[in-house]
Amino acid sequence: MTVKKKQPVNPVTKPYLTGAVTDENTLKKVLKFFGSMLLMIIMCFIISTMMNFGNGFLRVGANAAVVLLVLFILYNQGQTHGAEAVARGEILYQRQEKGLEITASERRLSYHPLKGYVTALIGMILFVIPAVILAFGTERQMTTAGTLPGWTSSLLRRSDIGGALVSYTEGDPIRSMDIIRMIVRVTIMPFVSMVGSANKDLMLTVERISPILLLLPVVSYGTGFLFGKNVRTRIHTQIEENRKIRKKREIKARKARRRTASAPEQLN
């Protein structure tokens, strides 16, 4: 007995109007993206600090999982917003086909393949600028001599060795680059935790590529927005598949009723 294979449904797409890269809602979306990223950075900082394990493989794996989770969330958000923009463009296309008036502001709200990238980039700009400054101005962090314990204070008053020990009591002044470094390290805390503060050379590399690391959310959200049209295609395809299934069931039901009506009555 051969099993009848289910015929695949061809992807169904609906035409839509293309909007502009920016629109009247761009500022609101940028502020919303900035706020969500700020919240994610704070959460990643707390989680990565808690997962600063001594085992290198465990530390790298746990922090990499946090990064991938954040990028996955941003990708899904981008897909959702991209699908909404495509749906708006489909509605406007239908209105245009009916001869209804469409304003310029309404058209700009529709889907544009670069809208997600631009929105996310503007939302991340306040995080990226300090990273760019650090990337060009950072240096390898050297190990300091540290401070002397309290019991050595009497030795500082001795003329023969006090001069040699006085340098240990003077801390390095805090420079503006140190403040920027602290801010950037907080924003990329999962990568800082992966490397570990003891690895000076690799930490220097992380600081130099920190702008690229902070652009990963832009790429993730923008790519999700770009593929928002695929979400609309899946929705239309599913609707068409359900329609065909419902139509087949109706045809089978009609045939069953005809067979029942044409069957001869049984003799008593």
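Just the heavy atoms: all of them, side chains too, but no hydrogens, waters or symmetry mates, feed the values below.
- Both Ile125 and Phe34 are part of a single hydrophobic cluster, where members link through side-chain heavy atoms under 4.5 Å apart.
- Annotation: side chain of Phe127 is not in contact with side chain of Val184 (no heavy-atom distance under 4.5 Å).
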Quiz: residues 85-95 side-chain donor-acceptor pairs under 3.5 angstrom, not counting sequence neighbours:
{"residue": "Arg88", "atom": "NH1", "partner": "Leu109", "partner atom": "O", "Å": "3.1"}
{"residue": "Glu90", "atom": "OE1", "partner": "Arg232", "partner atom": "NE", "Å": "3.4"}
{"residue": "Glu90", "atom": "OE1", "partner": "Arg232", "partner atom": "NH2", "Å": "2.7"}
{"residue": "Glu90", "atom": "OE1", "partner": "His236", "partner atom": "NE2", "Å": "3.2"}
{"residue": "Glu90", "atom": "OE2", "partner": "His236", "partner atom": "NE2", "Å": "3.0"}
{"residue": "Arg95", "atom": "NH2", "partner": "Glu101", "partner atom": "O", "Å": "2.9"}

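- Of all the heavy atoms in Thr18 and Ser110, the pair that sits closest is C-CB, 4.2 Å.
- The heavy-atom pair separating Pro11 from Thr233 by the smallest distance is CB-CG2, 4.0 Å.
- Here the side chains of Phe191 and Val195 are not in contact, with every heavy-atom distance at 4.5 Å or above.
- Both Val128 and Met40 belong to a common hydrophobic cluster when Ile, Leu, Val, Met, Phe, Trp and Tyr are linked at side-chain heavy-atom distances under 4.5 angstrom.
- For the atom pair CD1 (Ile183) and CG (Leu126), the distance works out to 11.0 Å, reported to the nearest 0.5 Å.
- Within the structure, salt bridge (charged side-chain N to carboxylate O under 4.0 Å, His left out) contacts touching residues 11-40 (residues at least two apart or in different chains) are Asp23-Lys115.
- Leu74 contributes atom CG, which lies 6.5 Å from atom OG of Ser36 (distance to the nearest 0.5 angstrom).
- Both Phe136 and Ile133 are assigned to one and the same hydrophobic cluster, defined by single-linkage of ILVMFWY side chains at heavy-atom distances under 4.5 Å.
- To the nearest 0.5 Å, the span separating OG1 on Thr187 from CD1 on Ile41 amounts to 5.5 Å.
- The closest donor-acceptor contact from the side chain of Thr49 to the backbone of Phe45 lies under 3.5 Å.
- No side-chain heavy atom of Leu134 sits under 4.5 Å from any side-chain heavy atom of Arg208.
- Side-chain N or O atoms of Glu106 include one that pairs as donor or acceptor with a backbone N or O of Thr103 at under 3.5 Å.
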Cut-off 3.5 Å, no hydrogens considered: what does the side-chain donor-acceptor table look like for residues 212-228, sequence neighbours left out?
{"residue": "Ser220", "atom": "OG", "partner": "Leu71", "partner atom": "O", "Å": "2.5"}
{"residue": "Ser220", "atom": "OG", "partner": "Tyr75", "partner atom": "N", "Å": "3.4"}
{"residue": "Tyr221", "atom": "OH", "partner": "His81", "partner atom": "ND1", "Å": "2.7"}
{"residue": "Thr223", "atom": "OG1", "partner": "Tyr117", "partner atom": "OH", "Å": "3.0"}
{"residue": "Thr223", "atom": "OG1", "partner": "Val219", "partner atom": "O", "Å": "2.6"}

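- Put simply, the residue from Arg59, Met50, Arg185 that forms a side-chain contact (heavy atoms from CB on, under 4.5 Å) with Ser193 is Arg59.
- One distance of note links CG of Leu69 with CE of Met43; it measures 10.5 Å at 0.5 Å rounding.
- Distance check, rounded to the nearest 0.5 Å: CE of Met124 to CG of Leu38 gives 10.5 Å.
- The same ILVMFWY cluster, assembled from side-chain heavy atoms under 4.5 Å apart, contains both Val186 and Ile129.
- Looking at heavy atoms from C-beta onward, Val192 lies in side-chain contact with Met203 at the 4.5 angstrom threshold.
- The side-chain heavy atoms of Gln238 and Arg234, taken from C-beta on, include no pair separated by under 4.5 Å.
- To the nearest 0.5 Å, atom CE of residue Met51 and atom CD1 of residue Ile46 are 12.0 Å apart.
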